[in-house]
2 protein chains.
Amino acid sequence: MKPTIKDVAKKSGVSIATVSFVINNSKPVSVETRNRVLKAIKSLNFRPSNSARDLVTGKTGNIGFILTDDHFLRTEPFYTRIFLGTEFEARSEGYYILLTTIKRDFKETDNLPRFIIDRNVDGVIVAGKVPHCFIERLSASNLPAVFIDYIPPKNDYPMVLIDNIQGALMATNHLISLGHTNIAFIGGGTEHPSWVDRLKGYKQALESSNIPIKNSLIVANDKFQGRQNGFNSAKMLFSKKNNITAVFAANDAMAIGVLKYLRDNGKRVPQDVSLIGFDDIEADLMLSPTLSTIRVPKLELGTEALKLLVNVIKSKKSLSKKILVPVELIIRESTSIYSPK
Amino acid sequence: MKPTIKDVAKKSGVSIATVSFVINNSKPVSVETRNRVLKAIKSLNFRPSNSARDLVTGKTGNIGFILTDDHFLRTEPFYTRIFLGTEFEARSEGYYILLTTIKRDFKETDNLPRFIIDRNVDGVIVAGKVPHCFIERLSASNLPAVFIDYIPPKNDYPMVLIDNIQGALMATNHLISLGHTNIAFIGGGTEHPSWVDRLKGYKQALESSNIPIKNSLIVANDKFQGRQNGFNSAKMLFSKKNNITAVFAANDAMAIGVLKYLRDNGKRVPQDVSLIGFDDIEADLMLSPTLSTIRVPKLELGTEALKLLVNVIKSKKSLSKKILVPVELIIRESTSIYSPK
DNA sequence: AAATTTTAGTTAAACGTTTAACTACTTTAA
DNA sequence: TTAAAGTAGTTAAACGTTTAACTAAAATTT
């Protein structure tokens, strides 16, 4: 059978309490006994029982990771990478991650994830946009929670966010520095803070370079943000005659849609139109040209969120800290210097 | 504080044992008391403590889900769907899933997932191909395990497999029924049972239609199985003059690579070449033409594996059952009737 | 009617930890 | 020299369940 703390105690000739102190560093133990205990632990291959420990401490050692199923199933491994960051960090922090999805159209009457109902987690991480009514239910459950890449309305949970404004600034400034002035923006709907901020950064960049902002160059009204949407938006923009020489798409998926539209319609990238995305989804290595973009450190989003959550759990204070994770400009083939015909 | 079984017992005027019997249906309880207890449970919003229960039963209520990180991060949400199937089924079975990845090049000396070392799972599900040495380490741990979509060498674990031969038969027969005879096969390396079986099905279909098998039409030597590989293989096939009119690619990712090669080289699909894949990764709705394929029921792979594992855990017998999940022919735009020029 | 079996419930031990309260020394302070 | 404080360890209770062993009453069999 699995060895218990008693076996260790017997083998090293001390009480089980002392063994516990050694395991948890919770009380001073003399060097000799500590070593004796450690040796016994090793030789018996002892591992403390989670359930016993959890029972007495009232903790579970688990953390829930929640996202909508469509986010989880996105073709770009964006949220999966974030999850992996969390999972990885959880290993060193000694937590287990319970991953579950909720429906994108979570209803008032839907069940919360079972680990919340059963209180089988010490806290949860919510990644990406989730329905309002889910957030309300979650907040009623009084569990510590941290949000990633989404600002929950009316709740001051701690958050780990992408520095969207800065990224959009970098992307737009990159295009400007290449000589472009007729720069289009393609974004998702305005109900998501990320798109709002990326648009904000775009505008700021233009302003500070004294380039007039033309609403005719901005498409940001769709609820979705996939390739199809990029394709459609590009169609809207390029069917009018407005001399666009560069496009900043608010994410790579849309950028790929734009790319497809341009290719289908005889525009060369980057010779005729420069194109930059956002996210760096390292999607398609076959993509040609390769896409300039703003790299979002996805693993880091996940690790930071876990660290933050562990802090909240341990301090028991509901610090409403916001961490803004910096992004990085990645220049590839899809952007080049403006060369008028 | 969280209500305990004692609170329920007090409220309903019975002993805690009776409450336990009601919760677990483990001993007959009269209808009246049962109802009284259930009412108390509901009104107190009582949920049994996992840790307490686990401690006494020696179970954990957790199941580990293991796959390599590159599988998890694949652009096609193939394994993520399988996971979702498992997770979904786990909800109704009352288990929690701990998802973790191992490295594709897992080394003898690498640590097993922490939940195995700590024995914090009652069993594990392994999805997709994993390194041999990992399997050996796993099997030394003596945990119940079920494999999905991979046949572990030298171990008779229970498995849930795709009916690859049948699928390949269906795909090839579909092409044959359209009048094609010069049908190429593009597969991955032969070290993976799936590719071997899909090739086998391809050959069987040709044989039973009395179409000679030409090795020049078969490319199956690469270790990887992505788009790039499909692209390269198509190049190899079509650069020789051999009148290929149809291609069966052993997965959709490779099929998409083939499609790209054909498009780049002026061949129309399906007018000039019919193309069918395998998996149905519902990748790119923008793909044109849409891809005929063999649908693999991914969720079902996951649910079946969980059911099987739960069976093993409960029966304590190491039944080495194999479940072959049926596939389905999905005809879309990329295959059409053979029309000689 | 007595003996036996069945049914519905109770009691108490056990699971493997953590930790508050205590003890017995040893060191330091007065 | 004695009292106080510090150190290193022990004892035992507690956490919230499950379950074996038991009891008392009811139902069935003889």
Side-chain angles (χ1 to χ4, degrees), chain A residues 1-38 40-41 44-62 94-96 117-122 313-314, chain B residues 1-38 40-41 44-62 94-96 117-122 313-314:
Chain A
M1 237 5 266
K2 232 190 131 184
T4 76
I5 200 172
K6 275 186 196 154
D7 302 318
V8 177
K10 193 172 290 171
K11 179 135 192 173
S12 46
V14 294
S15 72
I16 60 167
T18 306
V19 177
S20 178
F21 299 149
V22 170
I23 296 169
N24 303 298
N25 275 311
S26 46
K27 275 205 178 180
V29 173
S30 74
V31 182
E32 314 103 274
T33 39
R34 152 164 277 114
N35 285 336
R36 223 159 359 112
V37 169
L38 288 175
I41 288 177
L44 291 170
N45 196 21
F46 165 77
R47 292 268 157 176
S49 143
N50 263 293
S51 40
R53 172 178 284 178
D54 295 348
L55 178 58
V56 50
T57 60
K59 300 282 172 196
T60 68
N62 298 328
Y95 280 95
Y96 292 109
I117 300 177
D118 289 357
R119 303 233 133 222
N120 194 33
V121 289
D122 299 335
I313 291 172
K314 294 212 168 128
Chain B
M1 234 8 262
K2 232 189 132 183
T4 76
I5 200 172
K6 276 185 196 153
D7 302 317
V8 177
K10 192 173 294 172
K11 180 135 192 170
S12 46
V14 295
S15 71
I16 60 167
T18 305
V19 177
S20 178
F21 299 150
V22 170
I23 297 169
N24 303 297
N25 275 311
S26 45
K27 273 205 177 179
V29 173
S30 75
V31 182
E32 314 104 273
T33 41
R34 152 165 278 115
N35 285 337
R36 231 170 339 123
V37 170
L38 288 175
I41 288 177
L44 291 170
N45 197 19
F46 164 77
R47 292 269 158 176
S49 142
N50 263 292
S51 39
R53 172 177 284 177
D54 295 347
L55 177 58
V56 53
T57 59
K59 300 283 173 194
T60 69
N62 299 327
Y95 281 94
Y96 292 108
I117 300 176
D118 288 357
R119 303 232 134 224
N120 195 35
V121 289
D122 299 335
I313 291 171
K314 293 211 168 132

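Note that these values count all heavy atoms, side chains included, but never hydrogens, waters or copies made by symmetry. Just so we're on the same page: letters track the sequence lines, and every chain starts at 1.
- Enclosure of atom NZ in A/K10 is not indicated, since only 12 or fewer non-hydrogen atoms of other residues, nucleotides or ligands lie within 6.0 angstrom.
- With hydrogens and angles disregarded, no donor-acceptor distance shorter than 3.5 Å links the side chain of A/D122 to the backbone of A/K59.
- Under 4.0 angstrom from either OP1 or OP2 of C/dG16 there lies no side-chain N or O belonging to A/S49.
- OP1 or OP2 of C/dG9 has at least one side-chain nitrogen or oxygen of B/S30 nearer than 4.0 Å.
- Taking side-chain N and O atoms only, A/T33 has a distance below 4.0 Å to OP1 or OP2 of D/dG9.
- Nucleic acid contact class of A/D54 (heavy atoms, under 4.0 Å, all strands): none.
- Rounded to an integer number of Å, the gap from CD1 of A/I5 to P of D/dC15 is 19 Å.
- Checking C/dG16, D/dT17, D/dT10 against the side-chain heavy atoms of A/V14 singles out D/dT10 as nearest.
- When heavy atoms are screened at a 4.0 angstrom cut-off, A/R34 is found touching no nucleic acid atom at all.
- Side-chain N/O atoms of B/N50 include none lying less than 4.0 angstrom from OP1 or OP2 on D/dT17.
- For A/S20, a side-chain nitrogen or oxygen approaches OP1 or OP2 of C/dT18 to under 4.0 Å.
- Judged by distance alone, the side chains of A/D54 and A/T60 never bring a donor and an acceptor atom under 3.5 Å apart.
- Look at CD1 on A/I41: it is 10 Å from P on C/dT17, rounded to the nearest Å.
- When distances run from any side-chain atom of B/A52 to the nucleotides C/dT19, D/dG16, C/dT11, the shortest one goes to D/dG16.
- For A/K6 and D/dT11, the NZ to P distance is 13 Å, given to the nearest whole Å.
- B/T18 has a side-chain polar atom (N or O) that falls below the 4.0 Å cut-off from OP1 or OP2 of C/dT10.
- For B/T4 and D/dC15, the shortest distance from a side-chain N or O to OP1 or OP2 is not below 4.0 Å.
- Among B/L44, B/I41, B/V37, the one residue that satisfies the side chain to side chain contact (heavy atoms under 4.5 Å, CB included) test with B/S12 is B/V37.
- Taking atom CZ of residue A/R53 and atom C1' of nucleotide C/dC15, one finds them 16 Å apart after rounding to whole Å.
- One atom, CG of B/D7, and another, C1' of D/dT17, lie 13 Å apart when rounded to the nearest Å.
- Rounded to whole angstrom, the span from the CG atom of B/D118 across to the C1' atom of C/dG16 amounts to 14 Å.
- Mapped onto DNA chain C by nearest heavy atom, B/S15 and B/L55 fall at different nucleotides, with B/S15 at the one closer to the 5' end.
- A straight line from CD1 of A/I16 to C1' of C/dT17 spans 7 Å, rounded to a whole angstrom.
- Of the candidates D/dT18, C/dT10, D/dT11, the closest approach to any side-chain atom of A/A17 belongs to D/dT11.
- Counting to the nearest Å, the P atom of C/dA21 and the NZ atom of A/K27 are 10 Å from each other.
- In this model, a donor atom of one side chain and an acceptor atom of the other lie less than 3.5 Å apart for B/Y96 and A/D118.
- Checking side-chain atoms of A/D7 against main-chain N and O of A/T4 turns up a donor-acceptor pair under 3.5 Å.
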